[in-house]
Amino acid sequence: MKWFFAKCVVLLIWIIQFVASSIVTDYRLPTSLQPDSYTLKIVTHLEKEYEENSTFNGEVAVNIQVLEDTKSITLHARNLNVSESSIELKSHKDDDFKQCIEEIETVKELDFFVIHLCHPLFRGLSFELKMSYIGTFTQDMRGYYISKYNDEATNKTKWLSVTSFEPDYARVAFPCFDEPHLKAKFTIWLGHHRCLTALSNMPLEKQIPMDASSEFVWSIFEESVPMSSYLVAFTIHDLTFTESKAEGSDVVFRTWSQKSMVNSCSYAAEMGPKILKYYEELLGIDFPMRKIDAVAIPDLYGAGMENWGLITYRQNSLTLNISAESKIKQSMLTTIIAHELAHQWFGNLVTMKWWTDLWLNEGFATYISSLGAKFVMPDHDKYISETVVHIRLIFDTDSVLNTHPISDPNIDKNELKNRFDDISYLKGSSVVRMMHLFLGQEAFFEGIRNYLSHNKYQSVTQDDLWAFLTESAVRFNRLEGHCNMKTIMDTWTLQAGYPLVNVNRDLEKGTVTISQERFLKNTTTLSADEANKCWWIPLSYTSASEGDFGHTIPKLWLKCNATTGGKMTLNLNNVEWSKNDWVIFNLQLSGIYRVNYDAENWKLLGEALKSPNFGNIPLIHRVQLLIDVAALAKSGHIGYSIVFDIMEYLVQERELLPWRVASESFTGIFKAMSQIPEYRSQIYAYFRHITEPILKSNFSDTNNTIENMDLARIMKTIIAGWACRVEVEDCIRTANANFEQWKAAASRDEVTEIPREWRDITLCAVIRQGKNDYWNILWQRMNNSQNDMYSITMAMGCSTKATHIKKFLDLVFTDNDIMPATMKPIAFTHLSNNEIALPIALDYLAEHVKNYQQESYRPYVPILLLEFANGIMNIEHLTRFRQIIDSHREIFQSKESVLKRLLEIIDDNEQWIKRSVIDMASYLHSLPFTMDIVENNLI
């Protein structure tokens with residue numbers, strides 16, 4: 001008996017453990033049921049003043065196929081009050097079908113609504129499940145929610161309802177099988193007041209009264225194509241539309257907005273049909289619906305949502321005043337429209353089976369949208385700048401250990417929202433671009449067209465994509481031997497990070513050795529597993545004598561071991577490059593990898609860039625060299641003499657992109673050197689040397705290279721910002737003149753009298769001079785007006801006078817009505833950019849850090865300390881900061897992750913400074929324009 005009892009206890013423990021583990025891990029729906037179609041009826045009341053916690057009424061009927069025998073029906077429902085008495089089940093074929101409900105169970109943490117049945121449902125059965133419910137409008141712009149705007153004509157508040165279901169919010173509006181692979185057809189009935197307009201994914205089929213006496217109507221829409229639940233969309237509103245259509249297309253576009261914004265939507269109404277027609281031709285598949293409604297929503301969670309046939313946009317993402325607004329805004333709007341339209345194929349027509357492969361939606365939409373934007377704006381080629389922005393963000397985001405793969409099988413329910421990140425969008429896009437460029441136009445798009453055509457209205461994994469791309473790659477002879485796209489691309493999508501390719505030439509022997517390693521910002525953290533990571537890398541390259549930068553089909557592949565998957569070295573013999581031939585790998589930044597060269601090749605590249613013919617190296621490769629050289633030096637792979645040698649060419653660079661990249665690289669270097677008094681003179685002299693020639697030219701020779709005034713303005717801001725920062729006389733003179741002109745102006749309601757590109761530069765430059773009258777003017781301005789608060793706050797942080805700095809800190813660290821609480825962390829962290837204010841701020845922080853435990857400050861502690869730490873590039877200051885943190889660990893209660901990251905930043909900065917400062921100082925000291933300054937101890 002004791003034996004039996006012991007066995008029962010063991011069995012009971014096992015059952016409890018099994019059930020507990022199921023609750024934690026089994027957040028996916030059972031696989032026994034498949035929805036075929038839904039009929040959804042929702043009644044929305046907007047005719048009266050909207051109140052918080054307002055509700056809507058719904059009824060849903062789902063036709064379901066039984067794939068496996070089951071005794072329960074599990075759907076998703078979140079915060080829905082389902083009427084259990086309304087639940088009905090009936091068979092489509094068996095009139096004698098009888099079923100009773102044994103129990104209703106809700107699993108709140110999984111959003112499961114489980115109907116336990118008296119009798120099993122057998123495989124092959126088709127039945128209808130019907131129920132009524134009441135839902136509550138959400139408050140966070142997710143699910144089904146209420147938006148509003150002020151009608152300019154009547155000055156009254158107007159209400160509209162709108163949906164936003166991605167990734168898992170359809171269950172907030174109706175009970176459903178809310179997983180992306182469970183596609184079904186939807187027939188939507190929307191009940192609303194007859195004076196309002198209802199829209200859904202499909203065209204309106206008919207409108208009928210709800211009853212004989214009611215002012216409410218049913219708007220009934222055609223049955224949809226098969227689609228995922230997160231793409232269902234509907235809205236009730238009183239907006240106005242503009243109709244448009246592309247030449248030769250049957251698809252009608254209606255662009256909806258407030259009546260006062262109709263003209264501002266004309267650009268979107270024009271671009272949408274053109275981009276859609278381009279995609280139809282590019283992808284070889286017609287858009288499957290007769291209409292697209294594009295709706296400008298006053299408040300939307302993202303810039304846009306790609307609902308099939310009913311795309312919603314945040315209002316400022318769809319409106320544009322072409323005569324008044326910039327080309328940059330026009331370009332951004334075009335890209336957003338192109339992105340949401342690309343989703344009509346990538347995500348809507350073909351959908352990932354699970355959010356693991358979100359990149360199949362977002363990566364493709366992001367890349368294809370760059371082609372769409374380029375098509376409709378050929379004179380404003382955003383393709384190169386977008387490529388650079390994406391690759392730089394990925395290089396930064398993915399160069400640490402705590403990142404994740406593009407395709408992550410370990411993603412769970414609680415991480416869904418977090419995976420809509422740079423890895424899914426930008427690294428996903430960069431992977432698509434890499435495949436496009438190493439396969440070539442014909443092979444790539446043949447594979448993509450076959451992939452879309454074969455899988456339309458279906459759901460897929462990335463392996464389905466690899467299969468179709470392999471077929472086309474083989475046909476166009478793009479792969480070596482028995483290799484396939486899965487072997488190559490799994491190394492890019494199933495592991496985090498990206499490689500550094502090392503190219504080392506032996507000029508005497510005519511040989512080249514090419515190897516790879518994972519690139520990390522901090523290589524000391526590299527484990528044995530990380531060190532052995534391997535990628536299949538397409539190697540495209542050219543030389544000074546060859547000069548062919550456009551050929552991105554790889555000449556070679558850097559492979560992984562077929563058995564172990566480990567790294568392999570590639571050795572080339574009898575290479576025909578001459579001793580004076582520089583080489584550049586990764587043409588057009590086609591691959592997601594950095595490149596490091598031997599010292600001699602870096603020297604040759606530096607000489608080429610500093611020559612009058614530096615333009616022989618195309619813009620994207622000048623940017624590439626700047627990106628790589630700065631990162632390689634910071635991670636310890638090369639010395640800073642190489643960085644300064646490459647950056648020296650900037651004195652003759654007139655394009656924006658290289659300066660934008662270099663400026664961000666400059667920041668860390670400048671902080672590190674300027675925060676050490678004995679090196680401050682050298683770094684000031686270097687930056688004067690780089691910026692003064694361009695500032696003096698007044699950008700007169702940029703008219704042919706910078707395509708519009710927006711980019712010219714940004715270029716001026718970058719150059720003038722650095723020039724005034726290092727006290728170039730011409731820059732300071734201009735800033736003072738701007739300030740005096742503004743000071744003398746009759747109206748001081750805005751600081752807009754100062755040219756936009758000079759505004760922040762001017763205010764910072766005059767405050768840095770330490771003049772009491774300048775300080776007092778801005779101080780009074782800050783106390784009396786909230787206008788230009790950001791610009792004035794940033795300027796105050798530029799002060800070099802101790803009394804001013806302490807007065808500014810008092811404002812930051814005390815409760816007052818002058819500086820908004822949200823501005824205080826920004827104001828304080830800005831002081832870390834000021835080498836004079838930094839030690840004063842550290843002392844002040846030590847004394848006042850406890851103030852930030854107050855309720856009003858507590859939410860801003862993480863960003864304040866993290867951002868402040870990022871700006872400290874001095875060993876003494878870092879030690880002081882660490883002491884402050886160690887003395888006040890209590891402020892990090894329940895914020896251990898912040899503390900961990902903070903200490904990592906301190907450690908990383910200390911390591912970098914110890915490794916790099918002497919190297920930087922040695923090079924700067926050797927330059928002829930710094931020698932005299934150092935000897936005379938100027939600045």
Side-chain angles (χ1 to χ4, degrees), residues 28 165-168 179-183 226-231 279 282-285 302 304-308 338-372 390 394 398 404-411 415-436 439 444-473 484-496 592:
R28 300 288 302 276
F165 289 160
E166 189 179 35
D168 60 349
E179 294 187 358
H181 69 290
L182 295 173
K183 294 191 173 187
M227 62 184 183
S228 304
S229 54
Y230 79 88
L231 293 170
Y279 287 160
L282 179 71
L283 302 172
I285 299 176
M305 178 59 208
E306 65 267 20
N307 316 298
W308 223 351
H339 182 96
E340 304 309 332
L341 289 174
H343 270 307
Q344 308 303 302
W345 286 264
F346 299 98
N348 297 11
L349 186 68
V350 178
T351 312
M352 78 265 137
K353 282 187 183 294
W354 182 242
W355 303 102
T356 290
D357 287 324
L358 176 62
W359 78 275
L360 293 176
N361 285 20
E362 299 301 348
F364 267 96
T366 301
Y367 180 64
I368 297 299
S369 70
S370 68
L371 303 182
H390 289 182
I394 290 308
D398 219 19
H404 65 85
I406 296 176
S407 180
D408 188 354
N410 297 317
I411 187 172
E415 293 179 325
L416 289 185
K417 288 184 288 186
N418 296 334
R419 290 309 165 94
F420 288 77
D421 61 5
D422 286 348
I423 299 294
S424 296
Y425 282 73
L426 305 187
K427 189 175 183 183
S429 169
S430 298
V431 161
V432 177
R433 180 176 181 269
M434 180 171 69
M435 292 190 294
H436 183 189
L439 289 173
F444 176 74
F445 276 107
E446 179 183 282
I448 293 302
R449 292 183 194 111
N450 291 338
Y451 160 76
L452 291 171
S453 178
H454 183 84
N455 295 300
K456 61 185 177 181
Y457 307 120
Q458 304 297 319
S459 55
V460 297
T461 67
Q462 64 174 21
D463 283 353
D464 297 300
L465 175 65
W466 304 152
F468 286 99
L469 288 177
T470 296
E471 286 182 11
S472 61
N484 57 53
M485 288 293 287
K486 178 175 172 58
T487 300
I488 294 170
M489 295 310 302
D490 277 357
T491 66
W492 294 95
T493 60
L494 297 183
Q495 60 183 355
I592 310 171

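In this chain, residues are counted from 1 in sequence order.
No donor-acceptor pair closer than 3.5 Å links the side chain of S424 to the backbone N or O of D421. Between the side chain of D398 and the backbone N or O of I394, no donor-acceptor pair lies under 3.5 Å. With hydrogens and angles disregarded, no donor-acceptor distance shorter than 3.5 Å links the side chain of E306 to the backbone of Q344. A donor-acceptor contact shorter than 3.5 Å links the side chain of S228 to the backbone of P180. At least one donor-acceptor pair closer than 3.5 Å links the side chain of T470 to the backbone N or O of W466. The backbone N or O of V431 lies less than 3.5 Å from no partner atom in the side chain of W359, so there is not a single donor-acceptor pair.
Here CD of Q495 is found 10.5 Å from CD1 of I406. Values are rounded to the nearest 0.5 Å. Rounded to the nearest 0.5 Å, atoms CG (N450) and CG (L465) are 11.5 Å apart. Put simply, CG on L341 and CD1 on I368 are 12.5 Å apart, with the number rounded to the nearest 0.5 Å. Taken from CZ in F445 to CG in L283, the straight-line distance is 6.5 Å, to the nearest 0.5 Å. Considering CD1 of I448 and OH of Y451, their distance stands at 7.0 Å, rounded to 0.5 Å. Note that the CD atom of E166 and the CH2 atom of W355 stand 4.5 Å from one another [nearest 0.5 Å].
Nearest heavy atom pair, residue S369 against residue A342, reads N-CB, 4.4 Å. Here the closest heavy-atom approach between residue W492 and residue I592 is recorded as CZ3-O, 3.3 Å. Taking every heavy atom of both residues into account, L452 and L349 meet most closely at O-CD2, 4.4 Å.
The only member of T461, D357, D463 that meets side-chain hydrogen bond (donor to acceptor under 3.5 Å, both in side chains) when paired with S407 is D357. Partner T351 forms a side-chain hydrogen bond (donor to acceptor under 3.5 Å, both in side chains) with one of K183, H181, Q458 and no other, that one being K183.
Residues N307 and F165 form no side-chain contact, since every pair of their non-hydrogen atoms from C-beta on lies 4.5 Å or further apart. The closest side-chain heavy-atom distance from S472 to F444 is not below 4.5 Å. Counting heavy atoms from C-beta outward, H343 and E362 have side chains that approach closer than 4.5 Å. A 4.5 Å side-chain heavy-atom check between T366 and H390 finds at least one atom pair inside the cut-off. Between H339 and Y425, the closest side-chain pair of non-hydrogen atoms falls below 4.5 Å. Side-chain contact between I423 and H404 is present, with at least one heavy-atom pair separated by less than 4.5 Å. For the pair L439/M485, a side-chain contact is recorded, criterion being any heavy-atom separation below 4.5 Å from C-beta on.
Ring orientation note: the planes of Y457 and W308 are tilted relative to one another, at an angle of 30° to 60°. Under the 30°/60° scheme for interplanar angles, the aromatic rings of H454 and F468 are found to be tilted.
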Does the side-chain contact (heavy atoms from CB on, under 4.5 Å) test come out yes or no for M489 and L494, once each step is laid out?
CA-CA 8 Å; M489 295 310 302; L494 297 183; over 6 Å; no
| Between D490 and Q462, is a side-chain contact (heavy atoms from CB on, under 4.5 Å) present by the stated rule, with each step listed? | CA-CA 9 Å; D490 277 357; Q462 64 174 21; 3.3 Å; yes
- Task: Before giving the answer on side-chain contact (heavy atoms from CB on, under 4.5 Å), spell out for Y367 and M434 the whole-Å C-alpha distance, their side-chain angles and the decisive distance to 0.1 Å.
- Result: CA-CA 10 Å; Y367 180 64; M434 180 171 69; over 6 Å; no
